[in-house]
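Please read the structure below before turning to the comments.
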2 protein chains.
Amino acid sequence: MQPDQRRAAILDAAVEEVAERGFARTTSRHVAARAGVTHGLLHHYFPDHQSLLAAAFEKMALEEIDEVNEILASDLDPLAQLREITEPYGPGGGAEAYRFWFEAWAEAGHSVTMRATSERLSDAWYELVLGVIERGNAAGVFRCEHPGETAWMVIALSDAYALHAQTGGGVPATEMVRVTWRLTERELGIAPGTLARS
Amino acid sequence: MQPDQRRAAILDAAVEEVAERGFARTTSRHVAARAGVTHGLLHHYFPDHQSLLAAAFEKMALEEIDEVNEILASDLDPLAQLREITEPYGPGGGAEAYRFWFEAWAEAGHSVTMRATSERLSDAWYELVLGVIERGNAAGVFRCEHPGETAWMVIALSDAYALHAQTGGGVPATEMVRVTWRLTERELGIAPGTLARS
DNA sequence: CGCGTTATTGACCACATGGCTAATAACACT
DNA sequence: AGTGTTATTAGCCATGTGGTCAATAACGCG
C-alpha cells in the first residue's frame, strides 16, 4: 500500500475509533488494529499519539468545510442552499457523525490545541450561512433584517437538534425540525412552509 | 470526618475532576488526591470506578433538577422566571458546569447507563420551561402561540450558547444573548426589550 | 541485478491505572 | 476500660498504555 493511502487508512481508523470510544479512550493499538497494522507503525506516520488525534480531528473538520464549500459553489439558489445546509443535520444525518462532534466539543473544553480547530470550523459555518443569507437578500429571495443574528440562530438550532437527538428527551425530532423551519422562515421573511417544500 | 461528609467530599472531587479532565481521563488517584484521601479508600465507598463516575453524574443531575424545581416553586411571576432561565448559562451554574454536561452528553453516546439520567434531566428542563410559558399564557402575561415549540427553542438556544461559548468562534457572547432575547420575546408575544430589563 | 531508502514488524521499557488486601487507626457502645 | 465495628492507609499485582528501537521486508532506481 502506498504511504499516502496508509496514512489515510490510519486516519480513517482513528476517526471511527474516536466516534465509538471517544478521544480519551482511543488507543494507539486499537487504531492500528483497525487499520490493519501494528502500533509501532503509527510512530512512523505521526510523531506521537496527540498528533494522531489532532490530525483525525482536523481531517473531519476539513471534510466538513469542503462539503460546505461545495454547496456554496453550486448553482443552487440561496433558498435551496439553505435547505441543503440544514438537511445534513436533519433526520438521518448520521448519529455516528454527531457522536464524533460531541466528543470534539467536549475535548475542546480540555485541550487548547483542539479549540483552535474547533473555532476555525465554527467560523467557517457562520461565514457560510451568513453568505447565503446575504446573497439571498441581494437577490430579493429573502427579506432578512438581521443576517448575522439569523445566521447564528440557524447554526444554534442545528447544533441543539443534534445534541437533543442524541441525549434523548421527550421532544420528538419532527417537532424540532418544524420549529427550526418556522423560525428560520420568519427570520428570512419568507412564506411559512417554503422550507418544507423540498 | 463523618462517612457521609467523606462520601460527599469524594463526589465533589469527582465532579470537579470530570469537569476539568473529562470522564475517561478521571482517575481514582486524582479524585482521591483532590478529596484528600488515598485511592484505596474509594473502594470502601464505591465498589468500583464506574460506580463512582455514575454517582457523580447522578449527583450533578439531581442538583440541577432541584434548582429547576426551586425556580418553579418560587413566587416570581412567569416573566421573571423566564428571565432566570434565559440568563446566560441559565440558572444551573456557569461555564464550568456546562463543561461537565458536555462531557456527560458525549459520554451518553458511548455508555447506555448514563443516557437514562441524561434523558431525565432533559425532560425536566423541557417541562419547566413549558410550564412557565403556559402559566404566563394563562396569566395573560404572554401571548405564545406554540408553547411546546417555544419551550424547545429556549432550551436549544441556551445550550447552543454554552456550546459556542466553549468551542469559540467569531460570534460574541453579547450577540448570542441579544438574539436569544429577541426571538424569545417574539415567540412569547411580548414587547421587544422586555427580557433585557432586569 | 545490486543498493540505498523507506515501510513495517515485533519486542521491550517505564509508567499509570483499577482492583485488591492485610495491617492499622479511629470510632461507637457497653 | 474493653471490644467489636468501621474508616483509612500503604503496598502489591496484573493489565494496558505510549514511546522507542533494532531488525527485517518491500520498494525504487541506476
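Hydrogens, waters and symmetry mates play no part in the numbers below; they use all other heavy atoms, side chains included. Quantities reported herein were computed from a predicted structural model and do not represent experimental measurements.
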Can you check the [X] [atom1] to [N] [atom2] distance for me, whole Å?
X: A:His49; N: D:dG18; atom1: NE2; atom2: P; value: 5 Å
X: A:Leu41; N: D:dT24; atom1: CG; atom2: P; value: 18 Å
X: B:Gln50; N: C:dG18; atom1: CD; atom2: C1'; value: 12 Å
X: B:Gln5; N: C:dC27; atom1: CD; atom2: P; value: 12 Å
X: A:Tyr45; N: D:dG19; atom1: OH; atom2: C1'; value: 18 Å
X: A:Arg6; N: D:dC27; atom1: CZ; atom2: C1'; value: 14 Å
X: B:Gln2; N: D:dT6; atom1: CD; atom2: P; value: 15 Å
X: A:His44; N: D:dA26; atom1: NE2; atom2: C1'; value: 12 Å

- Query: Side chain of B:Asp48: nearest nucleotide among C:dT17, D:dG19, C:dG19?
  - Reply: C:dG19
- Item | Residue closer to the 5' end of DNA chain C, B:Met1 versus A:Met1 (nearest nucleotide) |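 Counting from the 5' end, the first nearest nucleotide belongs to A:Met1.
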- How do B:His43 and B:His30 order along DNA chain C: which one's closest nucleotide is nearer the 5' end?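 Its nucleotide being nearer the 5' end, the pick is B:His30.
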- Using atom types as modelled and distance alone, determine if a side-chain donor or acceptor of B:Arg6 lies under 3.5 Å from a backbone N or O of B:Met1.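 Absent.
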- Message: Taking A:Thr26's backbone N and O only, do any of them form a donor-acceptor pair with A:Arg21's side chain (distance below 3.5 Å, no angle check)?
- Response: no
- Could you say whether A:Arg25 or A:Gly40 is positioned toward the 5' end of DNA chain D, judged by the nucleotide with the nearest heavy atom to each?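 Its nearest nucleotide being more 5', the pick is A:Arg25.
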- Nearest-nucleotide wise, let me know which of B:Pro3 and B:Arg29 is further upstream toward the 5' end of DNA chain D. B:Pro3
- Message: Under 4.0 Å, counting only non-hydrogen atoms across every strand here, what does A:Thr26 touch: a base, just sugar-phosphate, or nothing?
- Response: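 Sugar-phosphate: the residue A:Thr26, judged by heavy atoms under 4.0 Å, touches backbone atoms but no base.
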- Message: Between A:Arg143 and A:Glu187, does any NZ, NE, NH1 or NH2 come within less than 4.0 Å of an OD or OE carboxylate oxygen?
- Response: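 Salt bridge: no.
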- Query: Is a donor-acceptor pair below 3.5 Å formed from side chain A:His39 to base D:dG19, judging by atom type as modelled?
  - Reply: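 When only heavy-atom distances are counted, A:His39 does reach the base of D:dG19 through a donor-acceptor pair under 3.5 Å.
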- Given C:dT17, is OP1 or OP2 found less than 4.0 Å from the side-chain N or O atoms of B:Ser28?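 No, outside the criterion.
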- Task: Determine: side-chain N/O of B:Thr38 to OP1/OP2 of D:dT8, distance under 4.0 Å, yes or no.
- Result: no
- Answer with yes or no whether the side chains of B:His30 and B:Thr27 bring together a donor and an acceptor at under 3.5 Å.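 Side-chain D/A pair, B:Thr27 to B:His30: present.
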- Item | Side-chain donor-acceptor pair present, B:Asp159, A:His164, cut-off under 3.5 Å |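 Present: a donor and an acceptor within the cut-off.
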